[in-house]
Every structure is written in structure tokens, then in C-alpha cells.
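The sequence lines fix the lettering, A, B, ..., with proteins before strands; numbering per chain opens at 1. Remember, it's a predicted structure, so these values are computed and weren't measured experimentally.
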Amino acid sequence: MAGVAEIRLAVPASVDEAVDELVRHRGRAEVVAGCTDLTLALRRSREWPDVLIMVGNLPEIRAIREDARGVAIGAAVTMTELTDSAVIARRYTALAEAARTVGGVQIRNAATVGGNVCNASPGADTPPALLALGAMAEIGGAGGRRALDLATFFLGPRRTVLDAGELLTGFRLPSPPPRSGSAYLRLTPREALDLAIVGVAAAVTLAADRRTVTHCRVALGAVAPTPLLVAAAGDQLVGRVLDAATLAEAGRRAAEACRPIDDVRATAAYRRRMVPVLVERAIATAVSRAATEA
Amino acid sequence: MQVTIDLEVNGEQRRCAVAPRRRLLDLLRDDLGLTGTKECCGTGDCGACTVLLDDVPINACVYLAAAAHRRRVETIEGLRDSSQMQALADGFAAGGAIQCGFCTPGILVMAVALLRRPAAIDGAAVRRHLAGNLCRCTGYVDIIEAIVTAGGAARTAQGAGLGSHA
């Protein structure tokens, strides 16, 4: 066990410098941004990293940039910045809603979207929204940059595909077509400072008739070892008009796909019962937003 | 080994040596003697340790001191002479919004951050803003009313050209 006295602080000025540090201290480095999860983890841990790599203030990964292809969100963008962003609220509503449910004001001011994803908590709020919105994860490593479908990023609780020498630098979300809408709903006993019993994100696009679904993605949180994209729930809606039967079918498929556990917050059985309820509401909300979108 | 960080605390440039795992809360209270910032839950749930980091409130108990390198921190001590704090002190005293007082510094720092914004505030806005602050004595109503009252008073003072203690 390494002593506390051996830890070093690295303050890189660029993503490349941060990656250099990660590669040099492969497996012995901890990336630090908003600190909200890491501070507690470090204090509980009996093992200390050799180096803390501070990326919370790296300009390269601090911005939300919209272009013709969609939006690029830096990994060190905070939850508050996501909720305050006009483009996120308007075009990627599920992500704004997910960010708004995290913690309280103080936590949202510090916590970053990259940290929320890399921490890989099964119940994290932003991953279902990012999955429903079709996010690609952008990753920097010794061999250069790569992009990866976020649906393949999570391996299990606290485990991701990130190699010890890699840094998550941000996300790219495709531009939603006209008549698109999305929503994130979360079931918790308290509105603030709580963790999801079930989280559901849905993103929908409608045809010119504003009734027929042309695209639907549904993702779940807190009901499996990882955030879960349930393609089967959304796909069966494509080409159909939303009604009680198609909605119920989406909920049924999502409930089939989830693998919840009993824990302090809820039983597995309760979670499985609540999944279709939230899936139906999330899709219906996304559809009504898509129908009224200019 | 300790690392050296440079940060601004309550308007003063400070150079501090900290262990990399040290919390901002420990730096403020134990190294700099700024004990107005309280530790209660220690897990980011109660808001007693709220400070401003580059003008926005955060929980100092779940923030590494090292992450405050090259940043600006304001604690309850540094906010004492602000016009917002004067209005809040009057509002809290008049409204009986303090009982044991342990949550008060964190709530006051949150209230200053809210009153510094241009938007008018009401009870609902204060409730949303204080979602991350726990008080086990007052039941919150007096606190929320005191902040709404102070918000009105601060705005009136500014409108009258009296808000000179920035």
C-alpha cells in the first residue's frame, strides 16, 4: 500500500498532457474533476494513487459547442452548466432534466458529466439520457483519439472500457431531426439529494404527420449493473402511431430487459413494476414535445 | 509529500502546502483557521460546509483542496461585510431563523449567492436553491421567509443607491 506521502499533483494544460501523465503512471493515477464522488472514494480507500491529474479546469473539455452535426459536450462540463445551457434544454431536453436531478445546487456546481459517466454507477442520472440521445464517447489515449458508442462503454458497476492510459474527453450528440423530443424521468422518494430507484430516458422523432414515430430510443438507469439502452423497447414503435397498446408494449419490453437488484432503496420486484410505468410516461412526454417542436 | 497550491481566499492570495487527498474543508478550517465553515455530514448531503468557488456554491467536504489550485474561494468570514449579508443578518435576526446555528453559515453562503443574482426571488426559488441544505431545528419556514425578506430589502437598498458594500 502506497503511503499518502507519495502522492503527486499534476495540473496538465491540455488533453495531450493529461494523457501523457495517465500513460506515465498507468494504473496509478486518478483523474480529478468535480471531486464529488472521488473525494469520498479516496477517503474510504486503503490504496492511494501515485498522482492526481487535475482536469476540472482544462479549457479543452470545459465547453458545450453546437455545430451542424450536433453538439459536443466537454467531459468537465458541470451539471449546472448542462441545465443552464439553452441548446441542451431545447434540443437535448432529457440531458438537461437528468442533470437537474443530480444532488443539490452545490453538488451540481461541482459534479461533471464526464465524472458522472466514468464513475459508472448503475443508478447515475446522465448516462440514460446520453444513451437515449445517441451519444458517442470521445476518448484520448497514447495512440490518439477514438470515438465509441456510449452503449458499449459500461462494463459493470464502477467498470468501463476505459484503459488505464485513457481519458474520457467528452461526448458528441447527433443533431436531432425536426419534430424530435426527449425526456428523463426519475423515481425517488425525495426530489433532491436522492439516488434513483428507476431512471428512464426516451428520445423520439415523429414523421411530418406529427403522429407516426420514425425514431425512438429508450434507456434505463438503476435497474441493471450498467445504464441500459433497450433497443427493443423503442424499435417496435417505429412506423407506428403512439397509442395505449404500443406504449404498453414498449414498457413490457423494457421490463423484460431490466435486471434489477434488491437494495436499500427498493426491491427488485418494485423496480421491475415501476419500469414500464416510467417508460410509458417518458415516451409519452417525449412524443408530446416532438409533436409541438417547430 | 505535500503539494503547493495557489488560491485566493476571501480576497487574499494564499500559497498553501496540502496533502493531495486533503479536503478544501480541512484546508479552510484547520490550516487557515476559518472555522465559520462547518463540517456536519462530511458526505456532500447537508450543505453545512458550503463555500463559494469562483462565485458558485459548492460543498467543501467533497472537494479536494488541490482542486482549488488557481481558483477563488469565499467563506462566510469573507462575505460578512457584503451588502447581502447585512440584509440577511437583519432578516434572520428579525425572523428568528436561527436555532442551534450549525447549519446557518452554509445557508447564509447559499443565500448570498442567490441574492447576488439579478432575478427577483420568491419562496419557491429559495426552496429549490436550498435543496442541498439541511436544518434539523427550524423546520425551514423561518429561514425561507428571512431570505425572501432580505432579498426584498437588499433590492430596495440597491434601488435607493445604498448598496455600496459590494
Side-chain angles (χ1 to χ4, degrees), chain A residues 2-13 29-58 62 76 78-81 83-84 100-112 115 190-195, chain B residues 1-7 16-26 37 41-72 106-107 109-111 113-114 117 124-134:
Chain A
V4 173
E6 295 166 40
I7 301 178
R8 193 174 68 79
L9 193 73
V11 188
E30 200 71 65
V31 175
V32 181
C35 303
T36 53
D37 285 320
L38 183 66
T39 305
L40 296 174
L42 278 181
R43 287 167 66 80
R44 277 195 298 264
S45 175
R46 295 165 61 89
E47 301 242 348
W48 302 96
D50 293 343
V51 58
L52 298 178
I53 304 174
M54 319 306 284
V55 301
N57 245 348
L58 253 186
R62 287 280 300 119
T78 67
M79 298 297 163
T80 297
E81 288 160 352
T83 61
D84 286 354
R100 194 176 299 125
T101 64
V102 173
V105 169
Q106 296 97 316
I107 296 291
R108 290 197 294 276
N109 283 337
T112 65
R190 296 186 62 203
E191 270 186 50
L193 285 163
D194 212 338
L195 300 175
Chain B
M1 188 178 118
Q2 295 194 313
V3 295
T4 301
I5 59 168
D6 293 300
L7 73 167
C16 303
V18 294
R21 56 86 183 255
R22 196 161 178 76
R23 302 175 303 174
L24 179 59
L25 177 65
D26 304 319
T37 305
C41 73
T43 52
D45 291 299
C46 80
C49 64
T50 302
V51 299
L52 302 184
L53 181 77
D54 291 336
D55 297 316
V56 301
I58 62 151
N59 290 321
C61 77
V62 286
Y63 205 80
L64 295 176
H69 180 52
R70 295 176 194 157
R71 304 185 79 161
R72 186 161 46 83
I107 287 178
V109 171
M110 288 302 286
L114 187 64
R117 292 193 206 152
V126 174
R127 280 172 192 275
R128 276 196 303 276
H129 189 68
L130 291 186
N133 292 78
L134 298 184

Interatomic distance, OG1@T50(B) vs CG@N109(A), rounded to 0.5 Å, equals 10.0 Å
Tell me, side chain or backbone of V105(A) under 4.5 Å from chain B's heavy atoms, or both, or neither?
both
Under a 4.5 Å heavy-atom cut-off, does chain B meet the side chain of D37(A), its backbone, both or neither?
neither
If one checks every heavy atom of R108(A) against chain B at 4.5 Å, the contacting part turns out to be neither
Would you tabulate the side-chain donor-acceptor contacts of residues 59-68 of chain B under 3.5 Å, counting partners in other chains and residues two or more places apart, or write 'none'?
{"from": "N59(B)", "atom 1": "ND2", "to": "G44(B)", "atom 2": "O", "distance (Å)": "3.4"}
{"from": "Y63(B)", "atom 1": "OH", "to": "R71(B)", "atom 2": "NH1", "distance (Å)": "3.1"}

Between atom CD1 of I58(B) and atom SG of C35(A), what is the distance when rounded to the nearest 0.5 Å?
7.5 Å
Side chain / backbone / both / neither for V56(B) at chain A, heavy atoms under 4.5 Å
both
Let me confirm one number: the CZ-CG distance from R21(B) to L38(A), rounded to the nearest 0.5 Å.
13.0 Å
Assert top hit (heavy-atom pairs under 4.5 Å, partner chain A, pool L53(B), V51(B), D45(B), I5(B)) equals D45(B)
Taking all heavy atoms of P20(B) and all of L52(A), pick out the closest pair and write down the distance.
O-CD1, 3.2 Å
With a cut-off of 3.5 Å and sequence neighbours excluded, list every side-chain donor-acceptor pair involving residues 124-134 of chain B.
{"from": "H129(B)", "atom 1": "NE2", "to": "M110(B)", "atom 2": "O", "distance (Å)": "2.8"}
{"from": "N133(B)", "atom 1": "OD1", "to": "Q106(A)", "atom 2": "NE2", "distance (Å)": "3.0"}
{"from": "N133(B)", "atom 1": "ND2", "to": "G47(B)", "atom 2": "O", "distance (Å)": "3.3"}

